Amino acid sequence: MTAVAWARSNLFRNRRDAVTTIVAGLIVGWVLYRTARFVVVTGRWEVVRTNLTLFLVGRYPNGDQWRVAVVAIGAGFVAGLVAGQVARRRLGAAIANGTPLPTVPFTDRVRDVVARYWPALTLLLLLLLLARTASPWLLAAATIAATVAGRLLGARTPRRVGWAIFALPAVLPLAVLPFLTDPLGWDRWGGMMLTLLLASVSMIACFPLGVLLALGRRSTLPALRAVSIGVIEFFRGIPLVVLVLMSDVALGFFFPRDLLPGKVVRVIVAFTIFTAAYVAEIVRGGLQSVPRGQTEAAQALGLSPVRITGLIVLPQALRNVIPALVGQFISLFKDTTLVFIIGFLDVLSVADNVTKQPEFRGQGLIAETLVFAALLFWVGSYTLSRESQRIERKLGVGTR
Amino acid sequence: MTEHDDTVFADATVVAGTGEVMIEIEGVDKLFDDFQALRDINLRVGRQEVVVVIGPSGSGKSTLIRCINRLEKHDRGRIVVDGVELSDDIRAIQAIRRETGMVFQSFNLFPHLTVLENITLAPRHVRKMPRREADALAMELLERVQIPEQALKHPGQLSGGQQQRVAIARALAMQPKVMLFDEPTSALDPEMINEVLDVMKELAREGMTMIVVTHEMGFAKEVADRVVFMADGQIVEVGTPEHFFTRPSEERTKRFLSQIL
Amino acid sequence: MVVAFGLWLAGNVRANSAKTNIPLSFDYLDQPATFPIAGSSFRPTQSVRDAIVVGLGNTVRVALAGIVLATVLGTLIGIARLSTNWLVSRAAKVYVELFRNVPVLVLVVFAYLAVFLRLPRLEDATTVSGLLVISVRAVAVPWTRTDGRGWLVLGILVVAVAAAVAVARWRHRAFDRTGQPAFAGVAATVAFVAVVAAAFLATGGPVDVTAPHLDGRVLRGGIAMPPEYAALLCALALYTASHVAEIVRGSIQAVPKGQNEAATALALSSGQRMRQVVLPQAMRIAVPALANQYLNLTKNSSLAVAISYFELTKVTQVSIASRAPAVPSYLLLMVIYLALSLTISAITNQVNRRLALVER
């Protein structure tokens, strides 16, 4: 369709449409103009440039930042492995038959990846351009190389061994944490690193609790059901802020003095319990979506109730609600900004603090730093959202 | 009512009824992206004529009748209904929609309204009928389709056969000149098909111009003035039911009939 | 096992509070607050209980205003998303994707620090003649002031509403009788305005609309919204509106296509299709999801702690800093939020039940 024809049918279908287009065009144009002017002309981005490492890894000692680099490269490699193994399983039937796999030209592959991840890639480019040294470029190149290598390797790993790959993302963080906390205890972490720590640990930890609560809510024991419902409705009815504040001040009252866990652990507990209540409701929806026939068939086969739940019902339930679970993780990722209120050095806190540094004080740079902080979160959230939608679509056409 | 004539009638001529042309479809094409759903369709339907359209799925039968009331937009050719040509002019479209009634495979009754309100909605808002008159008309139609006692129920409380009869009453409430049926019984349980077919046969007997897309061959044999066979977006063969079911001319027609009869 | 865990926790609490000498009771509620609440007539000598009541009032105020704004804005944007005009629908999509993916707290802090605190000082305030005064101290809009005959105004409003309802009924009956379109909404509004205008003229105008204006360095007239309130309200409304827009869009699209087709085949105009067929069904789908958003907005109002707007959570936080015991304070806070949540849930459950489709 030619440009004129397209404009005619989409923008100027009739007189009222044309008027709408013009009015909307003026408003949108004005907004775009002001934004562009802020970003390119009047914005003073020096404050962001100087403090880039603060935004990303907080006050992690300079000499030990290579550890973060190593973890980043490793994460890229593991992500590639998982992607490769998933791709291999999707083509499983074709491989088993020995039919030749369709070869996708390299340029098309690159174009697909760029189209899929353009926000993250653009942000990466932006960060690299803002950086002052060459090492970030090396790190980025190394991470991309590791991801590609992982993708190739994952696609070639046979299924028998490949299942171990899926266990990696859950297991590796446990190994990685001591490695990273050695130079600086996690109580003093900051920046995006702290955000990711809080979000991932809370998500992994809330899972078992959430599943237990969901099962408890469905149980036939009235006491267990009452407690589960009570816990779930209680923590869903109060704002997360209150829990976070409590974790700072009041949680200390619930433990004997000498057993008091550190600030980070306390806040992780708050996030975990809160998210577990929401996950419980999501899992409950998933459990309800598994047809009764499944349970009945399993019972007819003589399986014990525990086995039925664990082997038949739960896996199907969880598979059905993966998009909702990812959505909850995205919410959690954004909610970690609340630790700003209790004095952690997370991304939002950094955005506020750097405007008070001697060379940037009193210049009203808070807008620039906040926009940058918002950008970091926006890219993460938007990318995860899109991936979740992709998973939702693909699950409808799964191979199993 | 029908002349028992064995010759295959070219699509352009009409048969039965008053001989006046009610609907004229000339050289119509319809494309869905790359897929050609309709290919050079030529058909005329006369006043009070009952035309039954049959064919395999994907042949374009539904698309054809949906083009008549502009639920789909045809890409080439002309469609004229009772003298009004179907164009992009909304007034022409609305005029045609007022004179054509449509019955859908999935009934499409409005679940938030009672049966009575379903039927009176269009007459009151489009033909500006006062409420009392509309209600009386609706009750009369419900009597015709034999379910007057369901007037104040909601569609969700009715069986499939009852819902489809309400849908027919709803379409008749606008006093259309043509009734279009898009596989009206395909979504019904077998024991309810007959109650709907009976209503349609009664309508035909009373002289309504009807175009019916269906798989019910019994209905076609009994009521149709002409049978149109479509495949791959084209009209393959047209003829009276007698001709059609006993001595079809085209190979494709014979193959289709052998599969279903 | 669970019970044992609970008892251990309770025991710890008791032991710890004994050690720190802060009592575990609710007596603190009667103690003087010793902290001020800006923007209200609260005095530090009043009890903590009164402070909490003021805080609750502020929470309700920002929640209600936020819900109304978010619903109106969100519905408009949701419908814009479905527009056939590419520019309008794309702009709406950008709005939604932008505000959905940014953390609320970032929006709140940005609104406060980067927008409302950067407004000009009162002396150099931007004025839109007689309508708006925009300054860092407050954003002022016209407001009404009664000259002591408030009950009269109330009476007039009640009569006007009754008149509007009566006119609407009359128009509906005319539609029944003659079939001509009712225009009930327009007629009712005209009736309302007419009654109010006539009554005000007759009684000599018991209500004054005061326009905000600057009198040297003092802001007179109108009603002034402090920047904390304005920032919180804007951020919450813009954020929640993006979710409401998605819900509205989703619920309209969830109405089966066949419904629209049947209405189209019956020659109903696009406006009639929307009003009589699509929107009633879409609303039923949207209500539970909207209720969830309203709950979220109410809970998100607690983010005020970051910008010092004295709603419920902030009041609690400050009172604890002023020596109120932490555990009972937070306990009370959580109970109040639970009560708010349950109230909103109960209201929306009722609405849901009323709207439910009748099935076999």
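All of these numbers come straight from a predicted model, not from anything done at the bench. Below, chains carry the letters A, B, ... as their sequence lines are ordered, and counting in each starts from 1.
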(message) Please classify the contact between C:Thr264 and chain B as side chain, backbone, both or neither, with a heavy-atom cut-off of under 4.5 Å.
(response) both
(message) For B:Met129, which atoms come within 4.5 Å of any heavy atom of chain C: side chain, backbone, both, or neither?
(response) backbone
(message) Using only atom types and a distance under 3.5 Å, with no angle test, would you say the side chain of C:Thr240 pairs donor to acceptor with the backbone of C:Ala70?
(response) no
(message) Please rank C:Glu261, C:Gln272, C:Gln281 by heavy-atom pairs under 4.5 Å with chain B and give me the top one.
(response) C:Glu261
(request) Mark yes or no for whether C:Thr348, through its side chain, and C:Ser345, through its backbone, hold a donor-acceptor pair below 3.5 Å. (result) yes
(request) Between chain C and each of B:Glu133, B:Gln105, B:Arg66, B:Glu99, count heavy-atom pairs under 4.5 Å; write down the option with the most. (result) B:Arg66
(message) Please classify the contact between C:Arg173 and chain B as side chain, backbone, both or neither, with a heavy-atom cut-off of under 4.5 Å.
(response) neither
(request) Determine yes or no for a side-chain-to-main-chain donor-acceptor pair under 3.5 angstrom, with C:Arg171 supplying the side chain and C:Phe183 the backbone. (result) no
(request) Could you tell me which portion of C:Arg273 (side chain, backbone, both or neither) has an atom closer than 4.5 angstrom to a non-hydrogen atom of chain B? (result) side chain
(message) Checking the side chain of B:Arg170 only, and the main-chain atoms of B:Glu117 only, is there a donor and an acceptor separated by less than 3.5 Å?
(response) no
(request) Go through B:Ile90, B:Leu109, B:Thr120 and name the one with the most non-hydrogen pairs under 4.5 angstrom from chain C. (result) B:Leu109
(request) Could you tell me whether B:Arg165 and B:Glu143 have a side-chain N and a carboxylate O separated by less than 4.0 Å? (result) no
(message) Keeping B:Asp89 on the side-chain end and B:Arg91 on the backbone end, is there a donor-acceptor pair under 3.5 Å?
(response) yes
(message) Does any backbone or side-chain atom of C:Ala182 lie under 4.5 Å from a heavy atom of chain B? Answer side chain, backbone, both or neither.
(response) neither
(request) Quick one: which of B:Arg127, B:Arg132, B:His125, B:Lys153 has the most heavy-atom pairs under 4.5 Å with chain C, could you say? (result) B:His125
(message) Using heavy-atom distances under 4.5 Å, tell me whether B:Phe104 contacts chain C through its side chain, its backbone, both, or neither.
(response) side chain
(message) Looking at chain C, which one of B:Ser106, B:Gly101, B:Pro130, B:Pro176 has the largest number of heavy-atom pairs inside 4.5 Å, strictly under?
(response) B:Pro130
(message) Donor-acceptor check, side chain of B:Lys177 to backbone of B:Asp82, threshold 3.5 angstrom: yes or no?
(response) no
(request) Salt-bridge test for C:Arg81 and C:Glu246: reply yes if a basic N is under 4.0 Å from a carboxylate O, no otherwise. (result) yes
